[in-house]
Amino acid sequence: MSVISITDVLAGKYPVGESISVHGWIRTRRDSKAGISFLAVHDGSCFDAIQAIVPNDLNNYESEVQKLTTGCSVKVTGILVESPGKGQAFEIQATAVEVLGFVEDPDTYPMAAKRHSLEFLREQGHLRARTNIGGATTRVRNTLAQALHRFFHEKGYYWISTPLITGSDCEGAGEMFRVSTLDMENLPRTEKGDIDFAEDFFGKETFLTVSGQLNVETYACALSKVYTFGPTFRAENSNTSRHLAEFWMVEPELAFAHLCDAADLAEEMLKYVFKALLEERPDDMAFFQQRVDKTVLDRLNNVISADFVRMDYTDAIEILQNCGKKFENPVSWGVDLNSEHERYLAEEHVGGPVVLQNYPKDIKSFYMRLNDDGKTVAAMDILAPGIGEIIGGSEREERIEVLDKRLAEMNLDPADYAWYRDLRRYGTVPHSGFGLGFERLVAYATGIGNIRDTIPFPRAPKTAAF
RNA sequence: UCCCCUGUAGCUCAGUUGGUUAGAGCGGUGGACUGUUAAUCCAUGUGUCGUCUGUUCAAAUCAGACCAGGGGAGCCA
């Protein structure tokens, strides 16, 4: 026996006139003196609840049905009928209501049938999935994740499970969380007095990964088209609405490809997943459009239909210098762009996503491929109106002598990158890739302003509840 | 980590130029009405006023520190 989902009932997948059972939680109960009660039963399978009509001649009507409040769990059995009321196509004429669990004290049940602030809901991490916005976000997040996997699968990419625990402390993308089983009260010491990590679980220092990129490059240099999709960890003390200490990242890596190929892939990918989202979750997206951000649908449709603008860093600097707008941080060639600059380019100058590319080498990572001009690297950021950088990527430096020169310039020890250098020593190929912050994608797609509301259990500085 | 703002009932907030008894809406509860739709109408309870320290005859109100949340910045995805 399988459990019936309310989404299937509301979609008309069950015959009218026959008896079915649904399970779920009460959203609201309304009593009518005509001798019936209306129950809105919600199981999270879709945005809408199903309405059950409960006659007062059920033997537990007074003892239980009339005591149902928001949040109580029930199994409702009854005849599926076309609804004479407005607001729903089908409803259930209940023949039995089994209460699975009451709400202890309706007065203090946090998820009362009323509007709550997102800040309050965040403190109720174990219950917020029961709200409209919590459920809708969760379903959208799932749809986007599934669409990403499907996109890469259809294009022949292989999903690579890169490690979460890394023995390399030089991934270069940020502060790392240490992984250790040493007794912090009684640390083993070397003769010099340093902590003796040879005694630690892995026999060396280990950390949580900040990016799967370096690892996935090794598989790109064997299977050609690959990607990782998994959690990454950054111990940065970032207190903003667009950073998390634990976030999910999609990182495709493509062999025999240049920067323009990575940019094309990113554009195609975003269009694909937004199209899938609009097709598969019209109910949730209508909610976001109405209650969260009145511009989401236009924005997503715009991304789907418009070509992404490609712009060189050097041209962007010129645009910023000549736009007549006063910036707090002055612009000149060689400086890293600030939020205000990125926002101007994406929101005002272009009015949509923009691919910014070919940055000065001195403000970018060692592994990015040096351009022929000798001063820029083949790096790109995709900036989205509203949230800023959503994708960062590059063509990787595949020439061993150039890579070694870059490592030396940045005072990095080639020995730390031995296996990474091997990829360039044994049958090197041009290859490119990028990283997409998955929670930023969810935020962009829903209009939710704080990234902490796009992941079920957010991890941020001083925040690890639940 | 830096700057600005906020922290009062289950929730969203008002208020307090320091002085006996702290306010509203929503939610909850009780009732009326109703094939209802977060319905409507009537009635009704609720508070270590973020924590600690200080100033004072007196602090929820003033000051300091700390904690938490929001907005902006930096780091980035």
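Protein chains get the first letters and strands the later ones, always in sequence-line order, with residue 1 at the start of each. We use all heavy atoms of the structure for the numbers below, so side chains are in, but hydrogens, waters and symmetry mates are not. Source: prediction; values computed, not measured.
Note on A/Glu119 versus A/Arg452: no salt bridge recorded, every NZ/NE/NH1/NH2 to OD/OE distance being 4.0 Å or above.
Between the P atoms of B/A22 and B/U16, the separation comes to 15 Å (whole Å).
Counting heavy-atom neighbours within 6.0 Å of A/His153 NE2, excluding the residue itself, gives a total of 12 or less.
Residue whose closest nucleotide on RNA chain B sits further toward the 5' end, between A/Arg440 and A/Pro461: A/Pro461. Mapping A/Leu244 and A/Glu340 onto RNA chain B by nearest heavy atom places A/Glu340 at the nucleotide closer to the 5' end.
Nucleotide B/G7 forms a Watson-Crick or G-U wobble pair with B/C67, both donor-acceptor distances falling under 3.5 Å. Figure legend. B/U1 is base-paired to B/A73; pairs are counted as Watson-Crick or G-U wobble with both atom distances under 3.5 Å.
In this structure, A/Thr131 reaches neither bases nor backbone, as no heavy-atom distance under 4.0 Å exists between it and the strands shown. Using a 4.0 Å heavy-atom criterion, one finds that A/Asn239 contacts the bases of the nucleic acid, with or without backbone contacts as well. Across all strands shown, A/Ser339 has heavy atoms under 4.0 Å from sugar-phosphate atoms exclusively, and none from any base. Within the nucleic acid shown, A/Leu441 has no heavy atom closer than 4.0 Å to any nucleic acid atom.
Not a single donor-acceptor contact under 3.5 angstrom links the side-chain atoms of A/Ser238 to the base of B/C76. Contact of A/His116 with B/C11 (side chain to base): no donor-acceptor pair of N or O atoms is detected under 3.5 Å.
The cationic atom of A/Arg299 (NZ for Lys, CZ for Arg) lies less than 6.0 Å from the six-membered ring centre of A/Tyr444 and within 45° of the ring axis.
You can call A/Phe247 stacked on the base of B/A77; the centres are under 5.5 Å apart and the planes sit within 30°.
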(message) Strictly under 4.0 angstrom, non-hydrogen atoms only: write out the protein contact profile of nucleotides 29-41 of chain B, one letter per nucleotide from the 5' end, B, S or -.
(response) S---BBBBBBS--

